[in-house]
S.K.: 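Here's a structure for you.
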Protein chains: 2
Amino acid sequence: MGNDMVSKGPAAKGRVTIREVAERAGVSVATASRALSGNHPVPAATRARVLRAARDLDYVANAHARALVGGGRKMAAVVVRQVTSPFYAQVAEGVEAEAADRGWLCVVGATGGDPQREMDFVRLMREEGARLVILVGGVVEDDAYRSRVTHYAQALDASGARLVLCGRPTPDPDVPALVVEFDNEAGARAITGHLLSAGHRRIVFLGGLPGNTALDARVAGYRAALAEHGVPLAGARVVDCGLGRANGLRAMGELLKDTREFTAVVAGDDMVAAGALRAIADAGLRVPEDVSVVGYNDIPLAEDFNPPLTTVRTPAEELGRAAVRIALRDPEHAAGSHHLLGTHIVVRRSVAAPPRSD
Amino acid sequence: MGNDMVSKGPAAKGRVTIREVAERAGVSVATASRALSGNHPVPAATRARVLRAARDLDYVANAHARALVGGGRKMAAVVVRQVTSPFYAQVAEGVEAEAADRGWLCVVGATGGDPQREMDFVRLMREEGARLVILVGGVVEDDAYRSRVTHYAQALDASGARLVLCGRPTPDPDVPALVVEFDNEAGARAITGHLLSAGHRRIVFLGGLPGNTALDARVAGYRAALAEHGVPLAGARVVDCGLGRANGLRAMGELLKDTREFTAVVAGDDMVAAGALRAIADAGLRVPEDVSVVGYNDIPLAEDFNPPLTTVRTPAEELGRAAVRIALRDPEHAAGSHHLLGTHIVVRRSVAAPPRSD
DNA sequence: CCGAGTCGTGAAACCGTTTTAACTTCCCCT
DNA sequence: AGGGGAAGTTAAAACGGTTTCACGACTCGG
């Protein structure tokens with residue numbers, strides 16, 4: 001007597017298993033599994049009993065066990081530098097949304113720009129069996145980067161997963177990775193052209209980051225626009241201060257200490273522009289009357305800057321959505337394919353004609 | 001002859017298993033497992049052979065198989081309304097950072113404010129075996145909400161996982177969930193007090209959301225501050241337009257069409273403030289000379305608004321970190337415990353004395 | 001020289017689910 | 001009456017690891 005405690009009741013701690021559901025419904029685990037997953041026809045009466053038992057026990061399937069035998073949960077991972085950057089957040093939201101629409105789970109990882117953490121995270125995703133890994137954001141393209149990405153791509157491909165690079169280059173055309181990105185050069189050319197059309201001739205590019213492919217392309221676009229408008233090459237001035245508000249603030253501050261030899265600035269992105277705007281205001285100058293400023297990305301709060309920022313709209317959420325859409329489209333078409341998304345400039349109030357004294 | 005193809009080589013497609021590693025190293029899977037996980041002592045020579053084989057084959061363990069027998073990967077989930085909201089992004093970043101520091105994996109889910117998606121996501125996390133689920137953001141507290149959260153809490157607790165509510169109420173003290181939040185009332189009282197000290201007496205609260213506990217607390221703090229400064233209760237005016245830039249823009253615009261009977265506005269959060277600032281500017285008025293405006297949360301770009309916004313700093317990233325830290329601290333201490341994080345106001349340039357004509 | 005302990009290793013059980021293959025019934029058709 | 005399906009159900013074999021248990025080889029002390 002008293003040994004009835006030994007009987008297999010629901011464990012005191014731990015999850016409800018399908019065995020307990022089957023027991024309660026008076027069927028075998030096989031039947032219970034079929035009734036629950038709807039995979040195989042099961043008579044209505046039986047199915048109802050099983051479903052009822054599952055509901056009563058608040059049963060949820062063990063995703064790990066399921067993944068082990070089935071193909072595994074459809075899971076996508078998006079890796080960004082940091083979640084709080086508005087641009088990355090938008091891309092991540094796009095990925096999340098598109099994934100959710102298809103019933104996929106979305107995991108986001110932040111690297112803080114550290115290659116080691118990126119590698120760790122990709123490894124983690126391989127362990128977890130992610131079927132889609134999306135790496136977002138420009139990087140400096142050195143040998144270490146190339147071999148790293150080649151390794152990711154081959155490892156993921158070997159286990160049937162896809163790798164998408166958003167805004168970063170493919171090391172080699174035969175590396176099994178997709179690339180989706182904006183036409184950085186065209187965007188920068190357009191926005192620089194906008195300044196040139198307003199009459200500016202002495203324009204500085206603030207926020208270069210030599211080796212970073214995204215920024216290099218924007219610098220190239222900036223240079224191309226100057227050339228198109230007949231500005232001598234010597235007129236180009238690129239300040240390689242990197243991205244981020246703090247860098248923009250500092251670099252612009254230093255620039256303003258010199259004799260001012262520019263009437264407009266093209267910022268590497270909107271955060272740099274935010275810093276630049278603040279530095280200009282701190283120097284007692286006005287935008288756009290004294291200096292015109294343009295940004296890049298059109299982050300959600302760019303219209304709330306002082307003044308509202310003229311910038312290049314890069315549909316970041318669409319970038320994220322496109323990444324998963326393209327990756328999931330056709331299996332064959334994938335390797336080495338390269339997609340360019342268009343951008344356009346949005347005109348607000350940070351650009352005017354250069355001061356008359358010029 | 002020719003049937004050597006049948007031998008168990010590495011599968012053409014699919015992942016490398018521990019069996020292949022063991023084979024290549026000339027040991028059993030048990031030994032391979034031990035060498036790899038370092039769980040059980042293994043002579044250096046054998047370990048080296050196994051590690052070498054694993055490296056050669058680029059082996060990564062199958063997390064699902066491992067989770068099935070072991071406790072499962074340490075995984076935390078954070079659920080927010082949307083990733084692109086700067087406040088939520090910061091909280092998510094805090095959770096991600098603290099989780100990563102401890103070697104945990106972090107999954108973020110976005111609900112778009114839809115209770116159904118919230119429920120689906122929590123269920124998903126139960127299936128995945130998440131050990132920590134963090135729900136962020138105020139909600140309207142109705143019966144549906146209460147029973148929903150009670151269910152989450154009990155289900156997660158039954159399988160040994162923890163539930164943390166960030167800035168939303170616990171339905172009942174004996175529900176096994178932790179609460180971590182800011183002292184919304186104190187923050188609102190302080191920032192309203194700041195306006196009162198500057199001489200304002202007719203102050204409107206923009207962005208109420210009746211039923212939402214976070215907003216209700218801020219409204220209460222606003223009212224308390226007015227009372228403390230001897231402003232008659234009738235002087236309080238709360239516009240229930242909800243949160244978000246668009247709502248702030250619209251509501252403020254409508255407010256300005258009436259005869260203007262206020263000199264300052266307390267916005268429900270910084271995004272509402274952004275909309276309000278724009279509406280005020282569009283009406284041809286100046287901040288702070290004509291109207292003073294304060295926000296709530298101190299999002300990263302609040303200092304770039306026009307003018308830089310005086311607001312309440314809520315250390316959002318710290319909120320996220322605290323949530324995981326507290327949840328992981330001591331198992332017993334958990335249930336029903338309630339933590340309040342302090343806030344302080346940061347003074348910028350959106351507040352001045354009321355216009356003299358007042 | 002022998003028994004006890006230690007060390008290194010492997011076979012097998014186990015985790016919770018899906019799926020295959022087999023086994024009953026039961027019914028219909030010749 | 002008997003055979004061929006079809007329908008409903010189940011036992012058992014995967015899936016890929018970890019862990020327990022047992023076993024053999026070696027070392028060491030008496």
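Keep in mind that the numbers below use all heavy atoms, side chains included, and drop hydrogens, waters and symmetry copies. We name chains A, B, ... by the order of the sequence lines, and we start the count at 1 in each one.
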S.K.: Indicate, with a heavy-atom threshold strictly under 4.0 Å, whether A:V27 touches base, sugar-phosphate, or nothing.
M.R.: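 Result for A:V27 = sugar-phosphate.
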S.K.: A:R47 has an atom CZ; how far is it from atom C1' of D:dG8, in whole Å?
M.R.: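 That distance rounds to 13 Å.
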S.K.: Listed by chain and number, what are the side-chain hydrogen bond (donor to acceptor under 3.5 Å, both in side chains) partners of A:E118, not counting sequence neighbours?
M.R.: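 side-chain hydrogen bond (donor to acceptor under 3.5 Å, both in side chains) list for A:E118, sorted by chain: A:R148, A:Y152, A:R168.
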S.K.: To the nearest Å, give me how far apart CZ (B:R73) and C1' (C:dC15) are.
M.R.: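 Taking CZ of B:R73 and C1' of C:dC15, I get 17 Å after rounding.
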S.K.: May I ask you to test the B:L156-B:R126 pair for a side-chain heavy-atom distance under 4.5 Å?
M.R.: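 Yes, at least one pair of side-chain atoms sits under 4.5 Å.
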S.K.: Is the shortest side-chain heavy-atom distance between B:E128 and A:L105 below 4.5 Å?
M.R.: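 The answer is yes; the side chains approach within 4.5 Å.
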S.K.: Measure CG/A:L68 against P/D:dG16 and give the value in whole Å, please.
M.R.: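 So the two atoms are 7 Å apart, to the nearest Å.
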S.K.: Should A:L328 and A:E98 count as side-chain neighbours, where that means a heavy-atom distance under 4.5 Å?
M.R.: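 When only atoms from C-beta onward are counted, A:E98 and A:L328 do not touch, as no gap falls below 4.5 Å.
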S.K.: Go through D:dC15, C:dT9, D:dT9 for me and flag the one nearest to the B:P43 side chain.
M.R.: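 In terms of side-chain proximity for B:P43, the closest of D:dC15, C:dT9, D:dT9 is C:dT9.
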S.K.: Mind checking side-chain hydrogen bond (donor to acceptor under 3.5 Å, both in side chains) for B:R52 and listing every partner two or more places apart, or none if nothing turns up?
M.R.: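 With neighbours one apart ignored, the set is B:D56.
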S.K.: Can you confirm whether A:Q154 sits close enough to A:T150 that some side-chain heavy atom of one is under 4.5 Å from a side-chain heavy atom of the other?
M.R.: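 Touching, per the 4.5 Å side-chain cut-off.
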S.K.: Each nucleotide in nucleotides 17-24 of chain D should get exactly one letter: B, S or -. Can you fill that in based on protein heavy atoms under 4.0 Å?
M.R.: BBBB----
S.K.: Once you round it to whole Å, what is the distance between P of C:dG16 and CD of A:E20?
M.R.: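 For the pair A:E20 CD and C:dG16 P, the rounded distance is 9 Å.
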